[in-house]
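Working notes, structure below.
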Amino acid sequence: EVHLVESGGGLVQPGGSLRLSCAASGFTFSYYAMSWVRQAPGKGPEWVSTIRDDGSSTTYADSVKGRFTISRDNAKNTLFLQMNSLKPEDTAIYYCARWQSSYAYGMDYWGKGTLVTVSS
């Protein structure tokens with residue numbers, strides 16, 4: 001069965017950096033576009049970034065553009081999110097999510113998330 005396991009979250013000061021990882025299993029990772037989605041305390045889910053199945057294209061929410069970089073290693077079935085210049089408003093639980101065969105169908109599997117706290 002499909003499993004997505006996020007790691008790398010923690011406490012970081014504003015302006016700091018953090019790298020999140022998502023270990024995928026139970027499916028052919030290289031066939032699927034992947035995303036990071038976050039949910040801040042008291043707020044709904046917010047899409048952060050998406051990467052094409054082969055890593056050839058990426059997209060970002062305006063709120064993180066220029067600061068975050070999504071990447072993947074298909075040989076290791078792993079998705080990454082490099083987070084730089086972190087701000088307190090980046091504080092959230094970050095989820096790794098798999099897109100269905102068409103973007104129109106949305107995301108079908110999510111991990112349990114990893115908490116990122118940006119605070120002085």
Side-chain angles (χ1 to χ4, degrees):
E1 76 184 69
V2 173
H3 289 283
L4 299 170
V5 182
E6 301 92 340
S7 62
L11 176 64
V12 63
Q13 294 190 81
S17 297
L18 211 56
R19 192 188 199 202
L20 306 183
S21 297
C22 170
S25 62
F27 65 101
T28 304
F29 183 67
S30 62
Y31 288 0
Y32 291 85
M34 301 292 295
S35 280
W36 289 97
V37 178
R38 68 187 182 185
Q39 187 165 15
K43 297 184 178 180
E46 177 190 17
W47 169 78
V48 174
S49 183
T50 296
I51 186 167
R52 187 174 170 177
D53 54 2
D54 62 359
S56 62
S57 66
T58 59
T59 54
Y60 300 90
D62 288 343
S63 58
V64 307
K65 195 171 298 181
R67 300 188 298 118
F68 291 10
T69 302
I70 190 171
S71 62
R72 65 193 296 160
D73 186 341
N74 283 346
K76 297 185 182 298
N77 294 333
T78 305
L79 177 72
F80 303 99
L81 184 67
Q82 178 64 48
M83 308 164 66
N84 298 327
S85 302
L86 284 161
K87 304 174 181 179
E89 51 263 45
D90 294 319
T91 295
I93 299 173
Y94 284 72
Y95 300 92
C96 171
R98 188 186 84 167
W99 285 93
Q100 298 188 58
S101 57
S102 170
Y103 287 131
Y105 297 137
M107 292 171 272
D108 59 357
Y109 288 94
W110 296 43
K112 290 181 168 58
T114 186
L115 177 63
V116 172
T117 302
V118 185
S119 176
S120 299

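As a basis for the values below, the full set of heavy atoms in this structure was taken, side chains included, without hydrogen atoms, waters or symmetry mates.
- The aromatic rings of Phe68 and Tyr94 sit tilted relative to each other, their planes meeting at an angle between 30° and 60°.
- Following chains of ILVMFWY side-chain contacts shorter than 4.5 Å, one cannot reach Tyr32 starting from Trp110, and the two form parts of different hydrophobic clusters.
- Counting only residues at least two apart or on different chains, no disulfide bond (SG atoms under 2.5 Å apart) pair has a member in residues 62-95.
- For Tyr103, the OH atom sits in a packed shell: over 12 heavy atoms of surrounding residues, nucleotides or ligands are nearer than 6.0 Å.
- Side-chain atoms of Arg67 come within 3.5 Å of backbone atoms of Ser85 as a donor-acceptor pair (strictly under, hydrogens ignored).
- Ala40 and Thr91 get closest at one heavy-atom pair: CB-O, 3.5 Å.
- Residues in residues 6-108 take part in these disulfide bond (SG atoms under 2.5 Å apart) pairs, two or more places apart or across chains: Cys22-Cys96.
- Salt-bridge check for Asp90 with Lys87: failed, with every basic side-chain N at 4.0 Å or more from each acidic carboxylate O.
- For the 3.5 Å distance criterion, the side chains of Ser63 and Glu46 qualify, holding a donor opposite an acceptor.
- Taking both residues in full, the closest heavy atoms of Tyr95 and Gly111 are given as CD2-O, 3.4 Å, listed atom of the first, atom of the second, then distance.
- Here the shortest heavy-atom pairing between Pro45 and Val37 reads CB-CG1, 4.0 Å.
- No side-chain heavy atom of Thr114 sits less than 4.5 Å from a side-chain heavy atom of Ser7.
- In the hydrophobic clustering of this structure, Phe27 groups with Trp36; members are Ile, Leu, Val, Met, Phe, Trp, Tyr whose side-chain heavy atoms approach within less than 4.5 Å, directly or through other members.
- The heavy-atom pair separating Val2 from Arg98 by the smallest distance is CG2-NH1, 3.7 Å.
- When Val116, Ile93, Leu20, Val64 are each tested for a side chain to side chain contact (heavy atoms under 4.5 Å, CB included) with Arg38, only one passes: Val64.
- We find the OG1-CZ distance between Thr58 and Arg52 to be 12.0 Å, quoted to the nearest 0.5 Å.
- Screening Asp73, Asp53, Asn74, Leu4 for a side chain to side chain contact (heavy atoms under 4.5 Å, CB included) involving Phe29 leaves a single residue, Asn74.
- In terms of heavy atoms, Ser71 sits closest to Arg19 at OG-NH2, 4.4 Å.
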Could you give the side-chain donor-acceptor pairs of residues 77-84 under 3.5 Å, partners two or more places apart or in another chain?
unit_1	atom_1	unit_2	atom_2	d
Thr78	OG1	Lys76	O	2.8
Gln82	NE2	Asn84	OD1	2.9
Asn84	OD1	Ser17	OG	2.9

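- Remark: side-chain polar atoms of Gln100 are not paired, donor with acceptor, to backbone N or O of Ala104 under 3.5 angstrom.
- The hydrophobic clustering, which links ILVMFWY residues whose side-chain heavy atoms are closer than 4.5 Å, places Met107 and Val48 apart.
- The two residues Gly113 and Glu6 have their closest heavy-atom pair at N-OE1, 2.8 Å.
- Following chains of ILVMFWY side-chain contacts shorter than 4.5 Å, one can reach Ile51 starting from Tyr109, so the two form part of one hydrophobic cluster.
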